[in-house]
Amino acid sequence: MIPITLIAGIVCELIIGKYDNSKRIAIAFSVAMFIDSMHSILLTKILGVEGLVKYMSSTFSPEQAAQMVAAYTNEVILIAAAVNVVLCLLAGFFGAFINNKFFEKSTQQSKLK
């Protein structure tokens, strides 16, 4: 999980550049969440049954690994990727909206009056 998180963080920082554009921050957050949410499918397809059992023997039995690999068909992966793109973009832009509404443009006065 740590290498996937590092990759997501590096890609996120490359997209953001300077922290002055909230839309770039929202897109970078969305991309990082997409990478994080799709890593299990990617690892399952790359490692296969033998790799899952070898590297994650405490988690998967050979039967469970075979069932997991068989479950990720191309159609399932496409549907998962499409849903993740939409939801990650919604989360990113909603976070930017909340940030701009309540934190970026706030003054010294409390918003909780």
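Since we're looking at a predicted model, the values are computed, not measured.
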Quick check on the hydrophobic clustering: are Met68 and Leu42 connected, directly or via other members, by side-chain heavy-atom contacts under 4.5 Å? no
Please check this pair: side chain of Arg24 against backbone of Tyr19, looking for a donor-acceptor N/O pair closer than 3.5 Å. no
Rounded to the nearest 0.5 angstrom, the OG1-CG distance for Thr73 and Leu78 is 9.5 Å
Is it true that Val85 and Ile15 fall in one hydrophobic cluster, defined by side-chain heavy atoms closer than 4.5 Å? yes
For Gln67, is the CD atom crowded, meaning more than 12 foreign heavy atoms sit under 6.0 Å from it? no
One should read off an interatomic distance between Lys23 NZ and Ile25 CD1, to the nearest 0.5 angstrom, of 13.0 Å
CG of Leu43 to CG of Leu52: how many Å apart, nearest 0.5 Å? 8.0 Å
Treat each ILVMFWY residue as a node, draw an edge where side-chain heavy atoms are under 4.5 Å apart, and state whether Leu89 and Ile35 are in one component. yes
With rounding to the nearest 0.5 Å, note down the distance linking CD in Gln64 to OG1 in Thr59. 9.0 Å
Distance-only, no hydrogens or angles: does the Asn100 side chain make a donor-acceptor pair with backbone N or O of Ala96 under 3.5 Å? yes
Enclosure of Lys54 NZ (heavy-atom neighbours >12, cutoff 6.0 Å): no
From CZ (Phe60) to CG (Leu47), nearest 0.5 Å: 9.5 Å
In terms of hydrophobic clustering (I, L, V, M, F, W, Y; side-chain heavy atoms under 4.5 Å; direct or indirect links), are Ile16 and Phe93 co-clustered? no
